[in-house]
Amino acid sequence: MKCPRCDSDKARIMTKSPVGGAWEVYVCNHCCYSWRSTENIQISEIFKLNDEKIANMGMLPPIPPLKK
Ligand SMILES: [Zn+2]
């Protein structure tokens, strides 16, 4: 299964509908994006991720250094 955000094939099923298998929730192991099988996902280009963007992603807000 392919992740709609980073196009990796590391997506897997995270959970399923408790009633009647109406839907499944998938999650991408690569960029943590998750979505429901019933959604029609359209990710605009600016929110798309690739390996380079994930590697350069900063923490927001930055984690302050531990006080000693
Ligand atoms: Zn992804």
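Atoms within each ligand, like the ligands themselves, are counted from 1 in listed order. Hydrogens, waters and symmetry mates are skipped; everything else that's a heavy atom, side chains included, is used.
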Which side-chain N or O atoms in residues 21-30 pair as donor and acceptor under 3.5 Å with protein atoms at least two apart or in another chain?
from, atom 1, to, atom 2, distance (Å)
E24, OE1, Y26, OH, 2.8
N29, OD1, R12, NE, 3.0
H30, NE2, D51, OD1, 2.5

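A donor-acceptor pair under 3.5 Å is formed between the side chain of K48 and the backbone N or O of P4.
Criterion: ILVMFWY side-chain heavy atoms under 4.5 Å apart, direct or through other members. Under it, I46 and L49 are not part of a common hydrophobic cluster. Y33 and M14 sit in two unconnected hydrophobic clusters of ILVMFWY residues. Membership requires side-chain heavy atoms under 4.5 Å apart, directly or through other members.
Residue C31 comes nearest to R5 through the heavy atom pair O-NH2, 2.7 Å, listed as atom of the first residue, atom of the second, then distance. Scanning all heavy atoms of the two residues, the minimum distance from W35 to A11 falls at CH2-CB, 3.6 Å.
Protein atoms that are N, O or S and lie under 2.8 Å from the Zn ion (ligand 1) are these: C3 SG, C6 SG, C28 SG, C31 SG.
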